[in-house]
Structures are given as C-alpha cells and as structure tokens.
*Asks:* 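My questions will all concern the structure given below.
Starting from 1, each residue takes its place in the sequence as its number.
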Amino acid sequence: IGFQLSRPASVSVRITSKSGQLLRVLRNARVPAGRVIATWDGRYPNRKIVFPGTYVAKVTAISSAGRAELARSFSVRRR
C-alpha cells in the first residue's frame with residue numbers, strides 16, 4: 001500500500017474486512033513527508049492466512065494541514 005505525504009503526519013494504515021471489522025494495523029506512527037509504503041503479509045494478527053475475498057486498506061493522515069483519509073478495496077486470491 002503506497003501513498004505520498006506532502007508534509008510530516010501521524011499516519012495510520014489499517015486493513016479491514018468489507019464489513020469494517022479491523023483485521024490488522026500495519027502502521028500507526030509519525031511519518032516524514034514523501035513516499036510511504038506499508039506492506040501486509042495477508043495474515044491475521046494470529047499469523048493465520050486470510051481467506052480469499054475483498055478487503056479494505058484505510059489510510060488516515062493527520063498533519064498541521066488537517067486530516068486526510070483514503071480507503072480502497074482490494075482482492076486477495078489464493079492459488
């Protein structure tokens with residue numbers, strides 16, 4: 001999950017189910033301006049692999065300019 005920050009911000013990156021259930025927190029920290037990458041291994045907190053389906057990546061950034069939020073759905077497939 002990649003995004004660009006124009007200024008330093010407190011950033012939270014969360015993975016949820018389609019229904020909004022929180023599955024993982026990938027990042028919850030102060031981040032400098034620039035490109036940010038958060039990687040998810042496709043696992044629940046208990047390290048079990050998630051089921052194939054649709055999930056949502058939610059990014060929240062709070063900086064001196066205010067609050068910005070972004071949510072995008074994506075699919076997980078297994079072979």
Side-chain angles (χ1 to χ4, degrees):
I1 300 159
F3 53 94
Q4 184 82 22
L5 292 174
S6 60
R7 62 190 61 193
S10 294
V11 173
S12 172
V13 180
R14 300 171 186 272
I15 304 297
T16 68
S17 65
K18 282 191 318 186
S19 65
Q21 179 185 5
L22 178 64
L23 301 177
R24 290 287 297 271
V25 176
L26 303 183
R27 183 177 293 247
N28 195 15
R30 185 97 176 133
V31 178
R35 183 96 174 125
V36 180
I37 302 290
T39 304
W40 181 42
D41 61 5
R43 295 177 182 270
Y44 294 107
N46 65 6
R47 308 303 301 152
K48 290 187 178 183
I49 296 173
V50 299
F51 293 103
T54 302
Y55 296 88
V56 179
K58 294 183 176 185
V59 177
T60 302
I62 302 171
S63 72
S64 59
R67 179 184 183 106
E69 294 182 318
L70 173 69
R72 293 286 187 264
S73 62
F74 63 95
S75 295
V76 170
R77 296 185 187 114
R78 300 280 179 224
R79 293 183 185 174

*Asks:* Looking at P52 and R78, what are the two nearest heavy atoms and their distance?
*Replies:*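 Heavy atoms of P52 and R78 come nearest at CG-CG, 3.7 Å.
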*Asks:* Would you indicate whether R43, at its atom CZ, is surrounded by more than 12 heavy atoms from other residues, nucleotides or ligands within a distance under 6.0 Å?
*Replies:* yes
*Asks:* Do V31 and V13 share a hydrophobic cluster (ILVMFWY, side-chain heavy atoms under 4.5 Å, transitive)?
*Replies:*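 V31 and V13: one cluster.
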*Asks:* Is there side-chain contact between I1 and I15, with at least one heavy-atom pair below 4.5 Å?
*Replies:*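 A side-chain contact under 4.5 Å exists here.
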*Asks:* Hydrophobic cluster membership, with links at side-chain heavy-atom distances under 4.5 Å among I/L/V/M/F/W/Y: are V76 and V56 in one?
*Replies:*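 Each belongs to a different hydrophobic cluster.
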*Asks:* Indicate, with yes or no, if V59 and L22 share a hydrophobic cluster defined by side-chain heavy-atom contacts under 4.5 Å among Ile, Leu, Val, Met, Phe, Trp and Tyr.
*Replies:* no
*Asks:* Has the side chain of R24 got a donor or acceptor atom that lies under 3.5 Å from a matching backbone atom of G42?
*Replies:*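 Looks like no, no N/O pair under 3.5 Å.
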*Asks:* Does one side chain, of R14 or S12, offer a donor that lies under 3.5 Å from an acceptor on the other?
*Replies:*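 Indeed, the side chains of R14 and S12 share at least one donor-acceptor pair under 3.5 Å.
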*Asks:* Please round to the nearest 0.5 Å and tell me the distance separating atom CD1 of I62 and atom CZ of R30.
*Replies:* 10.0 Å
*Asks:* Determine whether R47 and D41 make a side-chain contact, defined as any pair of heavy atoms from C-beta on separated by less than 4.5 Å.
*Replies:*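 In contact.
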*Asks:* Give the minimum heavy-atom separation between Y55 and V50, together with the two atoms involved.
*Replies:*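 Closest approach of Y55 to V50, heavy atoms only: OH-CB, 3.5 Å.
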*Asks:* Which heavy atom in I37 sits nearest to a heavy atom in G2, and how many Å separate them?
*Replies:* CD1-CA, 3.8 Å
*Asks:* With rounding to the nearest 0.5 Å, note down the distance linking CG in L26 to NZ in K58.
*Replies:* 13.5 Å
*Asks:* Would you compute the distance between atom CZ of R67 and atom OG of S10 and round it to the nearest 0.5 angstrom?
*Replies:* 10.5 Å
*Asks:* If you look at every heavy atom in L23 and T16, which pair is closest and at what distance?
*Replies:* CD1-C, 4.0 Å
*Asks:* Any chain of hydrophobic side-chain contacts (each under 4.5 Å) joining F74 to F51?
*Replies:*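 Result: yes, single cluster for both.
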*Asks:* Return the minimal non-hydrogen interatomic distance between L5 and P32, and the atom names on each side.
*Replies:*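 It is CD1-O, 3.8 Å.
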*Asks:* State, to 0.1 Å, how close P8 and S63 come at their nearest heavy-atom pair, and which atoms those are.
*Replies:* O-CB, 3.2 Å
